[in-house]
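Let me begin by presenting the structure, written as structure tokens, before commenting on it.
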Amino acid sequence: NMSDNYGQYLSRENKIEIQPNLSDIDEANTLLHEILHASTWVSSLCQSGQPLEESKDEELVVNSLSNKLTQIFIDNEWLLSYLIKKLKK
């Protein structure tokens with residue numbers, strides 16, 4: 001049921017699904033993208049009366065952020081391990 005999408009967040013199941021056989025970059029970006037969708041849902045940002053109420057607005061914000069964060073992680077290979085180290089303290 002995801003033929004047009006690389007991934008999807010299923011809010012009722014609190015589950016992320018990702019298409020198999022994506023390139024490593026597409027898979028990582030898609031996972032980050034869907035995590036951001038989950039975050040908007042859990043934080044109620046996409047609920048009625050909230051800033052991302054319209055699905056097109058949510059998609060624009062999530063897509064922009066996931067693409068930018070993916071590029072930041074690609075350009076700064078040290079960053080993820082640095083964040084993990086700091087978060088464990």
Side-chain angles (χ1 to χ4, degrees):
N1 65 10
M2 290 192 305
S3 62
D4 292 337
N5 302 311
Y6 282 4
Q8 62 184 357
Y9 171 63
L10 304 170
S11 59
R12 288 185 178 194
E13 299 175 46
N14 196 30
K15 178 180 175 183
I16 291 173
E17 295 180 338
I18 297 176
Q19 285 280 10
N21 303 318
L22 296 176
S23 69
D24 289 343
I25 289 176
D26 284 339
E27 184 176 329
N29 181 271
T30 300
L31 179 57
L32 185 55
H33 180 101
E34 299 308 331
I35 288 170
L36 290 172
H37 274 301
S39 298
T40 63
W41 177 264
V42 170
S43 64
S44 300
L45 287 169
C46 58
Q47 304 307 311
S48 179
Q50 297 303 311
L52 302 178
E53 175 181 3
E54 298 293 326
S55 62
K56 65 179 179 53
D57 295 334
E58 178 188 356
E59 190 61 33
L60 177 66
V61 169
V62 165
N63 200 48
S64 296
L65 288 174
S66 62
N67 289 342
K68 182 49 70 180
L69 286 169
T70 297
Q71 192 60 54
I72 288 169
F73 293 136
I74 289 170
D75 293 344
N76 300 278
E77 293 181 13
W78 58 272
L79 184 56
L80 282 175
S81 59
Y82 173 84
L83 290 172
I84 290 168
K85 180 181 173 184
K86 294 297 181 180
L87 291 169
K88 286 185 176 182
K89 290 186 177 185

Which atom pairs, donor and acceptor, lie under 3.5 Å between side-chain atoms of residues 47-57 and protein residues at least two apart or in another chain?
from: E53; atom 1: OE1; to: G49; atom 2: N; distance (Å): 3.1

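- Going from atom CH2 of W41 over to atom CZ of R12 covers 8.5 Å, rounded to the nearest 0.5 Å.
- Note that CG of D26 and OH of Y6 are 4.5 Å apart. Values are rounded to the nearest 0.5 Å.
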N/O donor-acceptor pairs under 3.5 Å from side chains in residues 58-65, not counting sequence neighbours:
from: E58; atom 1: OE2; to: H37; atom 2: ND1; distance (Å): 2.7
from: E58; atom 1: OE2; to: T40; atom 2: OG1; distance (Å): 2.9
from: E59; atom 1: OE1; to: H37; atom 2: NE2; distance (Å): 2.9
from: E59; atom 1: OE2; to: H33; atom 2: NE2; distance (Å): 3.1
from: S64; atom 1: OG; to: L60; atom 2: O; distance (Å): 2.9

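- Atoms OG and OH, from S39 and Y9 in turn, are 8.5 Å apart once rounded to the nearest 0.5 Å.
- Of the possible donor and acceptor atoms, none in the side chain of Q8 sits under 3.5 Å from a partner among the backbone N and O of E17.
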Let me check something: any side-chain donor-acceptor pairs from residues 69-82 under 3.5 Å, sequence neighbours excluded? List them with distances.
from: T70; atom 1: OG1; to: N29; atom 2: ND2; distance (Å): 2.8
from: T70; atom 1: OG1; to: S66; atom 2: O; distance (Å): 2.8
from: Q71; atom 1: NE2; to: D75; atom 2: OD1; distance (Å): 2.8
from: Q71; atom 1: NE2; to: D75; atom 2: OD2; distance (Å): 3.4
from: N76; atom 1: ND2; to: I72; atom 2: O; distance (Å): 2.9
from: S81; atom 1: OG; to: W78; atom 2: O; distance (Å): 3.0

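- Grouping the Ile, Leu, Val, Met, Phe, Trp and Tyr side chains by contacts below 4.5 angstrom, directly or via other members, places L32 apart from I18.
- A single hydrophobic cluster is not seen to contain both I16 and L36; linkage of ILVMFWY side chains at heavy-atom distances under 4.5 Å, directly or through other members, places them apart.
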